[in-house]
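Presented below is the structure to which this report refers.
Naming: A, B, ... by sequence-line order, numbering from 1 per chain. The figures that follow rest on heavy atoms only: side chains count, while hydrogens, waters and symmetry mates do not.
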There are 2 protein chains.
Amino acid sequence: MTAHPPLPHPDTERISLSTVLATLGDETRLAIIGELSRCGGLGMTCGQFTDLASKTSITYHVSKLREAGVVNVTPEGTRRRVTLRRDDLDHRFPGFLDSIIASTADLHIDGFEDEPNEPAELSRRNP
Amino acid sequence: MTAHPPLPHPDTERISLSTVLATLGDETRLAIIGELSRCGGLGMTCGQFTDLASKTSITYHVSKLREAGVVNVTPEGTRRRVTLRRDDLDHRFPGFLDSIIASTADLHIDGFEDEPNEPAELSRRNP
DNA sequence: TCCTTAGTTCAATGATTGTTGAACAAATGA
DNA sequence: TCATTTGTTCAACAATCATTGAACTAAGGA
């Protein structure tokens with residue numbers, strides 16, 4: 001069954017540049033976008049970001065990204081599948097996302113260590 | 001005499017993406033960048049932004065833009081010449097500034113009216 | 001059924017933000 | 001010299017932000 005109550009996302013045409021900029025002007029959220037850009041088309045779950053911040057903080061930041069129109073969040077069981085809204089952002093602000101991602105390639109968050117993870121195996125169902 | 005004490009600007013290599021994003025994630029500052037991008041190569045003075053916010057606020061926002069490495073500010077008499085750091089930003093984050101400017105073309109600030117201006121004659125010395 | 005996994009909600013907290021107005025400084029022009 | 005123009009500094013303030021920990025829900029698996 002894939003019929004979960006959807007979370008609210010802004011329509012493409014309502015995505016605001018200054019809101020997107022303000023949202024990405026945060027190291028943690030920029031790092032989330034970086035990981036998403038390198039994860040393949042399947043997206044990631046919130047749990048895969050816990051190397052960047054605490055579980056509660058990730059909930060907060062992913063909400064911000066969703067409300068700004070940067071990511072799509074889809075409930076799947078107890079998880080949330082998070083994907084970049086690539087096409088929508090490209091349509092609205094051509095070239096913007098690519099330039100961000102290119103400049104983000106070598107960024108990382110240091111100093112956070114919590115709930116240690118095996119190194120981010122992508123799209124695997126269960127440990 | 002053109003020997004005024006220079007204001008502090010970050011070196012090109014120290015310009016941080018997340019700081020630039022956070023700085024541009026503000027409607028007023030984004031509007032300043034928009035005006036600068038359309039003003040020709042000579043830059044603008046702070047006084048020419050007073051259609052966007054109060055004098056004190058402009059001082060604050062222009063400082064933010066300077067500290068982030070987005071603009072260059074040069075004292076000229078009682079004025080400050082503000083220019084975009086185009087080359088530096090292009091070198092550091094290729095394609096980024098252009099995408100912002102393109103998406104900013106039709107933006108404007110509404111609702112602010114103060115010290116009404118003649119419509120932005122560029123590079124004129126005195127009324 | 002019970003336990004685990006995955007994520008959310010909530011209140012509290014400290015930090016940062018953007019705006020205002022009054023007072024100020026410096027360069028210019030008359 | 002004196003007044004004007006241009007912009008800065010400062011303290012105050014409200015608003016927003018990011019983080020924390022405890023308690024919670026919901027879906028799956030054993």
| said: Per the salt bridge (Lys or Arg N to Asp or Glu O under 4.0 Å) rule, what does the pair list look like for residues 87-97 of chain B, sequence neighbours excluded? | reply: B:Arg85-B:Asp88
| Most 5' of A:Thr45 and B:Ala22 on DNA chain C, judged by nearest nucleotide | A:Thr45
| request: Ignoring the backbone of A:Thr59, work out which of C:dT19, D:dT5, C:dT9 is nearest its side chain. | output: C:dT9
| Got B:Asp11 and B:Arg14 here, is their nearest side-chain heavy-atom distance under 4.5 Å? | yes
With a 3.5 Å cut-off and sequence neighbours excluded, list the donor-acceptor pairs that the side chains of residues 62-70 of chain A form with protein atoms.
residue	atom	partner	partner atom	Å
A:Ser63	OG	A:Thr59	O	2.9
A:Arg66	NH1	A:Pro8	O	2.7

| field | side chain to side chain contact (heavy atoms under 4.5 Å, CB included) partners of B:Phe93, counting only residues at least two apart | value | A:Ser103, B:Ile15, B:Leu17, B:Val20, B:Leu89, B:Phe96
Distances under 3.5 Å between nitrogen or oxygen atoms of protein and nucleotides 10-12 of chain C:
none

| task | Specify the separation, in whole Å, of atom CG of B:Asp26 and atom C1' of D:dC17. | result | 14 Å
| task | Compare side-chain N and O positions of B:Ser57 against OP1 and OP2 of C:dT19 and report whether any pair is under 4.0 Å apart. | result | yes
| field | B:Ser57 side-chain N/O to B:Ala53 backbone N/O, donor-acceptor pair under 3.5 Å | value | no
| message | According to side-chain hydrogen bond (donor to acceptor under 3.5 Å, both in side chains), who are the partners of A:Arg80, at least two apart in sequence or on a separate chain? | response | none
| Can you check the A:Ile32 CD1 to D:dA18 P distance for me, whole Å? | 11 Å
| field | Rounded distance in Å - CZ (B:Arg29) to P (C:dT16) | value | 15 Å
| field | A:Thr19: side-chain hydrogen bond (donor to acceptor under 3.5 Å, both in side chains) partners, not counting sequence neighbours | value | A:Ser16
| query | Within the pair B:Arg79 and C:dT28, is there a side-chain N or O less than 4.0 Å away from OP1 or OP2? | reply | no
| message | What's the closest nucleotide to the side chain of A:Arg80 if the choices are D:dT9, C:dG7, C:dA27? | response | C:dG7
| Could you state the CD-P distance from A:Glu27 to C:dT16, rounded to the nearest angstrom? | 14 Å
| query | Where along residues 60-72 of chain A does a heavy atom fall under 4.0 Å from DNA chain C? | reply | none
| Partners of B:Thr56 by side chain to side chain contact (heavy atoms under 4.5 Å, CB included), sequence neighbours excluded? | B:Ser54
| Which whole-number value in Å describes the distance from A:Leu52 CG to C:dG7 C1'? | 16 Å
| query | Taking atom P of C:dA22 as reference, at what distance in whole Å does atom NZ of B:Lys55 sit? | reply | 13 Å
| task | Send over the distance from B:Ile58 CD1 to D:dT5 C1', rounded to a whole Å. | result | 17 Å
| remark: From CG of A:Leu21 across to P of D:dC17 the rounded distance in Å is 15 Å
| So do A:Thr23 and A:His61 actually touch side chain to side chain, heavy atoms under 4.5 Å? | no
| B:Ser54 side chain N/O closer than 4.0 Å to the phosphate oxygens (OP1, OP2) of C:dT20? | yes
